[in-house]
Amino acid sequence: MKNCDKYGKSYYLPPEDCTDWVKKDSITAPPEWCSVDLRDGNQALVTPMSLDEKLEFFKLLVKVGFKEIEVGFPAASETEFNFLRRLVEDRLIPDDVTVQVLTQSREHIIRRTFEALRGCRRAIVHLYNSTSVAQREQVFRKSKEEIVKIATDGAALVKKLAEEDGGDYRFEYSPESFTGTEPEFALEICNEVIKVFDPTPDRKLIINLPSTVETSMPHVYACQIEYMHKHLIRRDSVRISLHPHNDRGCGIADAELGMLAGADRVEGTLFGNGERTGNVDIVTLALNMYTHGVDPKLDFSDLPSVRETYERLTNMTVPPRQPYAGQLVFTAFSGSHQDAIAKGLTFRRETKRRLWDVPYLPIDPTDIGRSYDGDVIRINSQSGKGGIGYMLENTFGYHLPKNMRESVGYAVKNASDHAHKELLPDEVMKVFSDEFINVETPFSFVRYDVTNAGDGVRACVTLRCKGKTVDYIGSGNGALDAIANALQNNINVKFGNLQYSEHALEEGSHSRAAAYVGITDALDHRVWAVGVDNDIMRASAKALVGAINKLLTGAHSFGDA
């Protein structure tokens with residue numbers, strides 16, 4: 001690509017080595033979560049949510065389990081102001097939830113924010129001003145000293161108004177565009193703000209360190225966070241918060257490494273909604289912890305419902321490959337993947353295994369409201385016998401013999417290939433039924449009768465062909481053997497190597513049974529057929545007649561002889 005030389009490093013490393021986070025291999029406890037869906041997420045929508053839509057979204061966030069929720073920028077618009085008033089006046093904020101409001105470090109905006117907060121039982125006032133080199137030089141054209149004064153003047157006013165109001169207020173400060181700020185200056189301005197707010201271990205100040213625009217690899221952000229963690233004054237009275245954006249596609253990694261580096265709190269949105277490429281996705285971040293055995297303290301056990309509400313209220317769409325929440329993230333079309341998943345689920349069921357380690361599934365779909373049927377195994381021309389067999393067994397109750405699965409697999413994949421589309425479960429079942437169950441051409445099974453005859457069994461089998469009904473007589477060691485001999489000795493067909501299995505399709509005295517018969521011709525071509533009937537012997541006879549029909553019509557199957 002051209003013009004590569006116009007780009008350069010726009011981030012700043014700490015002045016000392018800050019890599020203790022490298023020595024940690026996992027996150028052992030969840031952070032304190034703060035949803036910014038109703039502010040950062042809402043301002044990024046083409047059409048921001050109405051007051052009623054924001055209220056419904058607020059209730060969703062409470063239901064999921066957020067204890068801190070940034071509800072808006074009250075001074076930004078009438079809707080933002082009125083939404084906070086609605087929450088306060090109608091007493092819609094649960095006792096265990098703290099709302100958070102955002103304000104620039106400008107006097108009239110701070111005062112308007114406190115007007116919106118009047119009567120609020122408890123809140124976090126989130127103050128910010130931009131500190132990056134680019135913003136100082138290009139936007140504000142102010143010195144470092146002037147930027148620090150903007151922050152400390154704003155902090156002093158926020159503290160004064162909070163004391164006058166008498167409400168239970170906590171405070172947060174963000175050096176906006178932190179990652180584009182020299183770490184020494186970011187530390188200086190945050191420490192000056194800490195002095196103004198004068199936090200205590202019982203009333204901690206939140207220092208929020210946003211990757212407002214993601215400009216570096218995640219390890220750089222982690223080093224910046226560790227530097228602040230080590231050098232902020234009164235660290236025992238400060239909560240370090242992360243606010244990663246996703247401009248480089250590394251928002252999740254930024255947050256995870258930032259937590260290893262010492263952060264206590266994370267601000268983000270459901271499904272990563274936010275300006276440009278979005279904020280860090282709290283759903284993914286939380287469920288990543290969950291898959292490592294850490295309870296995230298957020299409830300995504302009905303993730304499809306959360307996704308539906310989010311999409312309806314924001315008019316945004318969760319991509320089909322979005323981690324955990326996307327429609328296709330648990331779906332295997334590949335034959336080898338399907339086979340491994342099916343075997344893994346069977347192994348888990350047989351061994352009553354507690355630890356989740358099913359191949360290709362990093363999380364149990366049922367833990368987040370998804371299912372195995374329809375979500376995990378889906379069928380197209382790339383699918384394999386294992387996945388198709390799994391669907392027929394788990395959706396329709398047919399336990400295909402191992403050697404039959406390849407025959408059925410080719411038939412279903414061929415149908416998908418010709419239709420050039422995915423086959424839904426009912427369509428898979430139709431192919432299976434049309435190709436294998438109770439095949440009646442050219443011979444149609446009518447009835448059978450068996451009697452004991454000396455040291456064996458005598459069978460009379462009645463078939464219909466071209467409108468004529470014919471009885472065939474034979475004997476053998478058992479009923480199916482006698483029926484097979486009756487047909488082989490009287491119809492112009494030779495077969496051998498008969499394989500057979502059967503099972504009940506339903507429970508109860510009048511349940512149907514399925515019988516599976518595989519036979520080979522003189523050239524060792526194998527065919528399979530299935531018989532279904534309320535009587536197991538009738539089902540077996542139907543399966544055998546079906547297999548003979550497939551030999552006679554040349555409907556050879558692929559598979560092991």
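Remember, predicted model here, so these are calculated numbers, not experimental data.
- Looking at D165 and L161, their side chains never come closer than 4.5 Å, going by heavy atoms from C-beta outward.
- Here the straight-line distance linking atom CH2 of W356 with atom CG of L361 works out to 5.5 Å at 0.5 Å rounding.
- Listed for the K54 side chain is a donor-acceptor partner under 3.5 Å among the backbone atoms of V71.
- Taking each heavy atom of H245 and D40 in turn, the nearest pair found is NE2-OD2, 3.5 Å.
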Salt bridge (Lys or Arg N to Asp or Glu O under 4.0 Å) between K67 and D96, intermediate numbers included: CA-CA 6 Å; K67 301 305 179 186; D96 63 344; 2.6 Å; yes
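- R39 places no side-chain N or O within 3.5 Å of a backbone atom of E70 that could act as its donor or acceptor partner.
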Full working for side chain to side chain contact (heavy atoms under 4.5 Å, CB included) between L38 and M49: CA-CA 8 Å; L38 297 174; M49 288 181 277; 3.9 Å; yes
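- Salt-bridge check for K63 with D299: failed, with every basic side-chain N at 4.0 Å or more from each acidic carboxylate O.
- Scanning both residues, L355 and R348, for their nearest heavy atoms gives O-NH1, 2.9 Å.
- Among residues two or more places apart in sequence or in another chain, the side-chain contact (heavy atoms from CB on, under 4.5 Å) test is passed with A29 by none.
- D364 and T366 share a donor-acceptor pair across their side chains, judged by distance under 3.5 Å alone.
- Scanning all heavy atoms of the two residues, the minimum distance from F436 to A411 falls at CE1-CB, 3.9 Å.
- With hydrogens and angles disregarded, no donor-acceptor distance shorter than 3.5 Å links the side chain of R121 to the backbone of T98.
- N288 CG to I27 CD1: the interatomic distance, rounded to the nearest 0.5 Å, is 8.5 Å.
- For F432 and Y398, the gap between ring centers is short of 6.0 Å.
- Summarising the geometry, atom CZ belonging to F185 is positioned 9.5 Å from atom SG belonging to C190; distances are rounded to the nearest 0.5 Å.
- For Y169 and F114, the ring centers are positioned less than 6.0 Å apart.
- There is a side-chain donor-acceptor pair under 3.5 Å between Q338 and S383.
- Nearest heavy atoms, P94 versus V62: CG-CG1, 3.8 Å.
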Test side chain to side chain contact (heavy atoms under 4.5 Å, CB included) applied to V412 and L392, step by step: CA-CA 11 Å; V412 172; L392 289 171; 5.8 Å; no
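- Within the 3.5 Å criterion, the main-chain N or O of V283 finds a donor-acceptor partner in the side chain of D281.
- Between R276 and E214 there is no salt bridge, since no side-chain N of the basic residue sits under 4.0 Å from a carboxylate O of the acidic one.
- The backbone N or O of L270 lies less than 3.5 Å from a partner atom in the side chain of D37, making a donor-acceptor pair.
- Listed for the S105 side chain is a donor-acceptor partner under 3.5 Å among the backbone atoms of I150.
- A 4.5 Å side-chain heavy-atom check between M316 and L45 finds at least one atom pair inside the cut-off.
- Using modelled atom types and a 3.5 Å distance limit, the side chains of N129 and Y173 yield a donor-acceptor pair.
- Shown are L102, T103, L127; of these, the side-chain contact (heavy atoms from CB on, under 4.5 Å) with I109 is made only by T103.
- One finds a salt bridge joining R136 and E182 here, because a Lys/Arg side-chain nitrogen approaches an Asp/Glu carboxylate oxygen to under 4.0 Å.
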Trace of the side chain to side chain contact (heavy atoms under 4.5 Å, CB included) decision for L55 with R86: CA-CA 9 Å; L55 181 57; R86 174 81 176 274; 3.6 Å; yes
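- Using a 4.5 Å heavy-atom threshold, the side chains of M228 and L187 count as touching.
- Rounding to the nearest 0.5 Å gives a distance of 8.0 Å between CG of L424 and CZ of R378.
- H126 and S174 make their closest contact through NE2-OG, 2.6 Å (heavy atoms, listed as atom of the first residue, atom of the second, distance).
- Heavy-atom neighbours of K421 NZ from other residues, nucleotides or ligands within 6.0 Å: above the threshold of 12.
- A salt bridge is absent between D426 and K430: the closest approach of a Lys/Arg side-chain nitrogen to an acidic carboxylate oxygen does not fall below 4.0 angstrom.
- Among residues at least two apart or in separate chains, there is no ring-ring contact (aromatic ring centres under 6.0 Å, His included) pair with a member in residues 43-84.
- Side chains of E68 and I124 form a contact here, defined as non-hydrogen atoms less than 4.5 Å apart.
- Side-chain N or O atoms of R122 include one that pairs as donor or acceptor with a backbone N or O of D95 at under 3.5 Å.
- The existence of a salt bridge linking R265 and E267 is confirmed by a sub-4.0 Å separation between a basic side-chain nitrogen and an acidic carboxylate oxygen.
- Contact of the L257 side chain with the Y221 side chain is not registered, since no non-hydrogen atoms from C-beta on lie closer than 4.5 Å.
- With hydrogens and angles disregarded, no donor-acceptor distance shorter than 3.5 Å links the side chain of W33 to the backbone of K297.
- Counting non-hydrogen atoms of neighbouring residues, nucleotides and ligands closer than 6.0 angstrom, the NE2 atom of H292 reaches no more than 12 such neighbours.
- Between the side chain of E256 and the backbone N or O of L285 there is no donor-acceptor pair closer than 3.5 Å.
- Side-chain polar atoms of T277 and N246 form no donor-acceptor pair below 3.5 angstrom.
- Classification of R239 and E172 as a salt-bridged pair fails, no side-chain N sitting under 4.0 Å from a carboxylate O.
- The shortest distance between side-chain heavy atoms of N42 and E80 falls below 4.5 Å.
- Residues T19 and C223 meet the side-chain proximity criterion, which asks for heavy atoms closer than 4.5 Å.
- The structure places CE of M259 at 11.5 Å from CD1 of I225, a figure rounded to the nearest 0.5 Å.
- A heavy-atom distance below 4.5 Å is not found between the side chains of T212 and T179.
- In this structure, Q135 contributes its side chain and F140 its backbone to no donor-acceptor pair below 3.5 Å.
- Remark: E115 does not engage R111 in a salt bridge, criterion side-chain N to carboxylate O under 4.0 Å.
- Looking at Y324, Y310, F300 one by one, the single match for ring-ring contact (aromatic ring centres under 6.0 Å, His included) with F271 turns out to be Y310.
- Donor-acceptor pairing under 3.5 Å is lacking for the side chains of S77 and T79.
- Atom CZ of residue R248 and atom OG of residue S216 lie 6.5 Å apart, to the nearest 0.5 angstrom.
- When all heavy atoms of P425 and T395 are compared, the closest pair comes out as CB-CG2, 4.4 Å.
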From CA spacing to verdict: side chain to side chain contact (heavy atoms under 4.5 Å, CB included), E427, V431: CA-CA 6 Å; E427 294 172 310; V431 173; 5.9 Å; no
